[in-house]
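A quick write-up on the structure given underneath.
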There are 2 protein chains.
Amino acid sequence: MNARKIPDIIIGRLPVYLRALQRMADMGLKTTSSQELGEHVGISAAQIRKDISQFGEFGKQGTGYSIEYLIEQLREILKVDRIWDVVVIGAGDMGHAVVNYQGFNDRGFHIVAIFDNDKEKVGHEIGKFKVEDAETMIERIKSMGVKVAMLAVPAAAAQAAADQLVQAGVRAILNYAPISLNVPNNVKVQYIDPSIHLQRMTFYL
Amino acid sequence: MNARKIPDIIIGRLPVYLRALQRMADMGLKTTSSQELGEHVGISAAQIRKDISQFGEFGKQGTGYSIEYLIEQLREILKVDRIWDVVVIGAGDMGHAVVNYQGFNDRGFHIVAIFDNDKEKVGHEIGKFKVEDAETMIERIKSMGVKVAMLAVPAAAAQAAADQLVQAGVRAILNYAPISLNVPNNVKVQYIDPSIHLQRMTFYL
DNA sequence: TAGATTGTTAATCGATTAACAATC
DNA sequence: TAGATTGTTAATCGATTAACAATC
């Protein structure tokens, strides 16, 4: 498949479709249509059909999509038909919240370690984890073969930490630090900054 | 101000520019160019100039933009030249993290109350706040005139809570629940779901 | 003046929508 | 069959980039 030429914007919507479909499955539904799914996620039926059809013909005329089958296909496309090990960098409030968050279960991710460069924090327990020394981070990540990280350190420390993650072989960084990161082209970054999200709404008030 | 319709996608980038500019200001810089700002945020210089020029002529040929002046203008455009009161719904792990988060300071937001519908949690202290009963939520929000909310309740409770927020006059919801919300057109929603963000990256691994 | 950089126009590129034949 | 809904094409709409005159 020519995964290379699928626009980012389409990839960005697939997890939203997947989440809605999983919710429908939990409610015991068996099939849905582009129309119905579109109403759930706030996207036009035409766009949903077009997005999905980039990857194959998963629907049936007249009846729509099998929810179970479409979930299976989307999980495979997004590569969350497996469990990804994830490391957390930064054992502050946000690091704590992320480690204790239950929402990664069943969505393809499993936290395996948390690091901090503050010697005071190293050794402390967070949930079932002991905070590890950031000095050991690169070697530990390499030896575990971890490709996905969540970065929850202060802005001033974020770029240096990201550089280390890249060096350790991490290819996907979910960045909670309020700063834009510079990384090589083959490394993906997603940003979560609540202030940014709030500021995207106040314009309209 | 210009009555012309500004595309959402441009509004979405302005907070990122603002954050980068504030960082430059903190470092003592006085002026910048579209080129330099673009390198910081990973956006082309042409696009930055085009975005900014939607709102006025804030730069000078030959020298670029005054950082302080551009910050001032962007804050005004985004309406964060003031402090918005914010309520938090849900006193679970995420509610805790959000209330304790220091990153809203200086970015236009101030948390004023936290609510939960679990009577066990009502009255407990989180930071300097006492968790309030969700039954009182609508009246409290109305009387305080709060327009911005952060929703950190389980998926199953999120739509009902959002309906209440709308009823109370809230116009902007930052939703941490893993579900798409249905709200009237005049209410804005932004979504934060770490699993969604992670799934947007695994495709490329 | 000489060099730098904006604001803006036109061209290009990409995304969304509408429509409908195919077909379950 | 009759009705429903997909997958796809073509048209429309919108966003990005390139280029450069204006001008600090």
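Throughout, protein chains are lettered first and strands after them, A, B, ... in sequence-line order, and every chain is numbered starting at 1. For the numbers below, each heavy atom of this structure counts, side chains included, while hydrogens, waters and symmetry mates do not.
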*Are Asp193(B) and Tyr176(B) linked by a side-chain donor-acceptor pair shorter than 3.5 Å?*
no
*Establish, from distance only, whether the side-chain atoms of Gln159(B) and Asp163(B) form a donor-acceptor pair under 3.5 Å.*
yes
Output yes when at least one side-chain N/O atom of [X] is less than 4.0 Å from OP1 or OP2 of [N], else no.
X	N	value
Gln47(A)	dT16(C)	yes
Tyr65(A)	dA4(D)	no
Thr63(A)	dT5(D)	no
Arg13(B)	dA15(D)	no

*Cation over ring face, Lys79(B) and Phe203(A), 6.0 Å, 45°*: yes
*Rounding to 10 degrees, work out the angle separating the end axes of the helix from dG3(C)-dC24(D) to dC24(C)-dG3(D) (five pairs an end).*
20°
*Decide yes or no for Arg13(A) and Gln47(A): does some side-chain heavy atom of the first lie under 4.5 Å from some side-chain heavy atom of the second?*
yes
*Scan residues 15-42 of chain B against DNA chain D and write down, sorted by residue number, each residue with any heavy atom closer than 4.0 Å; if none is found, say none.*
none
Protein-nucleotides 8-13 of chain C N/O pairs closer than 3.5 Å?
| from | atom 1 | to | atom 2 | distance (Å) |
| --- | --- | --- | --- | --- |
| dT8(C) | OP1 | Glu57(B) | OE2 | 3.4 |

*Does Asp106(A) CG have over 12 foreign heavy atoms under 6.0 Å away?*
no
_Within the 6.0 Å centroid threshold, strictly below: Phe58(A) and Phe55(A)_ = no
_Which residue lies more 5' along DNA chain C, comparing Ile10(A) with Gln61(A) via nearest heavy atoms_ = Ile10(A)
*Over all heavy atoms of both residues, which pair between Glu132(B) and Ala113(B) is shortest? Give the atoms and the distance, please.*
OE2-CB, 3.6 Å
*dT5(D) C1' sits how many Å from Ile52(A) CD1, rounded?*
13 Å
*Can you check whether Ile71(A)'s main-chain N or O pairs, donor with acceptor, with Gln22(A)'s side chain at less than 3.5 Å?*
no
_With side chain to side chain donor-acceptor pair (under 3.5 Å) as the criterion, how do Tyr204(A) and Asp8(B) come out once you've worked through the C-alpha distance, each side chain's angles and the decisive distance to 0.1 Å?_
CA-CA 10 Å; Tyr204(A) 301 95; Asp8(B) 288 357; 2.6 Å; yes
